[in-house]
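What follows is a short report on a single structure.
In what follows, chains carry the letters A, B, and so on, assigned in the order in which the sequence lines appear, proteins first and then strands, with residues in each chain numbered from 1. All values below come from the heavy atoms of this structure, side chains included, with hydrogens, waters and symmetry mates left out. Note that the structure is a prediction, hence the values are computed from the model and not measured.
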Amino acid sequence: MSKKNRENKDTVEQEQPQAGAEQAAEAEPKALEAPDIEALEKELNEAEAKATEHWEHVLRLQAELENTRRRAERDVQGAHKYALEKFVNELLPVKDSLEMGEAAAQVEDADLEKVREGIELTLKMMSDVMSKFGVAEVNPVGQPFNPDLHQAMSMQDVPDARPNTVVAVYQKGYQLNDRLVRPAMVVVASANSGAHVPPEGDNGGNIDEMA
Amino acid sequence: MGKIIGIDLGTTNSCVAVMEGDKPRVIENSEGGRTTPSIVAYAEEGEVLVGQPAKRQAVTNPKNTLFAIKRLIGRKF
């Protein structure tokens with residue numbers, strides 16, 4: 001607001017010399033000076049008060065941010081320590097089964113068939129626990145190679161498979177809630193593969209199939 | 001004021017962190033890893049792979065997978 005007054009004053013001062021009335025020019029600024037200083041001082045005090053208020057507000061916000069961050073850190077640490085609690089709870093029956101199976105296998109004339117059944121059941125229990133907690137298996141036999149989920153160990157010429165598909169899985173991979181925990185270790189069909197792949201509709205035409 | 005980040009571009013692995021206030025915080029990549037292998041691969045159809053996925057397909061695409069290229073920086077091309 002005062003800026004506009006100052007600008008008007010400047011243009012007024014410029015116009016006065018043009019009119020040639022210099023005394024009038026000196027008189028006008030003098031008449032405006034006194035009230036201006038008071039107004040300016042008042043504005044300065046107001047502005048300083050506002051600045052201090054804002055500064056204190058900023059400091060308060062910084063302190064709050066620091067507190068929030070510390071709280072979040074504490075929460076994360078707590079979550080880390082006890083996150084596994086539910087999972088451990090569900091795993092305990094699996095461990096119990098394995099221990100019973102081991103005990104049964106130590107017996108003199110242990111029935112291998114029973115032990116085998118027991119192992120199968122224990123494996124099923126384990127798979128159930130894992131899928132309950134969002135763990136998915138990655139077993140991509142026959143699927144196209146995907147570097148986001150699979151790790152290529154080697155390439156092989158395989159006539160029965162299209163190039164760049166997975167022909168063997170050395171080790172299954174696992175995902176936890178869509179994040180890859182361990183990639184599946186696979187063998188990929190090389191570019192020379194696919195000589196005996198039955199053609200699909202859009203295949204380039206296998207010479208052996210052409211009449 | 002903009003954020004300040006620090007990048008450790010290593011020969012085998014890279015790592016990036018951002019300043020949060022006065023503490024640096026390492027940023028995880030899309031797979032949740034705090035470091036990323038310094039490998040880039042150019043797959044079919046112009047797809048560019050970086051980090052672990054690039055490393056995993058190195059055997060299938062050796063000609064277009066680059067690693068340790070930091071060793072080449074500064075040398076004559």
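- Remark: E113(A) CD is packed, more than 12 non-hydrogen atoms of other residues, nucleotides or ligands lying under 6.0 Å away.
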**OP:** Report the C-alpha separation of M155(A) and V59(B) in whole Å, then their side-chain angles, then the decisive distance to 0.1 Å, and conclude whether the side chain to side chain contact (heavy atoms under 4.5 Å, CB included) test is met.
**Re:** CA-CA 7 Å; M155(A) 293 195 94; V59(B) 168; 4.1 Å; yes
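- Considering all non-hydrogen atoms of both residues, P53(B) and P147(A) come closest at O-CB, 3.3 Å.
- With a 6.0 Å radius and a threshold of 12 heavy atoms from other residues, nucleotides or ligands, F87(A) has its CZ atom above the threshold.
- To the nearest 0.5 Å, atom NZ of residue K23(B) and atom CD of residue E66(A) are 5.0 Å apart.
- In the displayed structure, F67(B) atom CZ is contacted under 6.0 Å by at most 12 heavy atoms of other residues, nucleotides or ligands.
- The heavy-atom pair separating D22(B) from R69(A) by the smallest distance is OD1-NH1, 4.2 Å.
- Around atom CD of E44(B), no more than 12 heavy atoms belonging to other residues, nucleotides or ligands sit under 6.0 Å away.
- R56(B) pairs in a side chain to side chain contact (heavy atoms under 4.5 Å, CB included) with only one of the listed residues (L180(A), L149(A), V186(A)), which is L180(A).
- For M185(A), no part lies under 4.5 angstrom from a heavy atom of chain B.
- For N164(A), the part sitting under 4.5 Å from any heavy atom of chain B is the side chain, from C-beta outward, and nothing else.
- Counted within 6.0 Å of CD on E85(A), heavy atoms from surrounding residues, nucleotides or ligands total 12 or fewer; the atom is thus considered open.
- Surrounding CZ of F133(A) are more than 12 heavy atoms belonging to other residues, nucleotides or ligands, all under 6.0 Å away.
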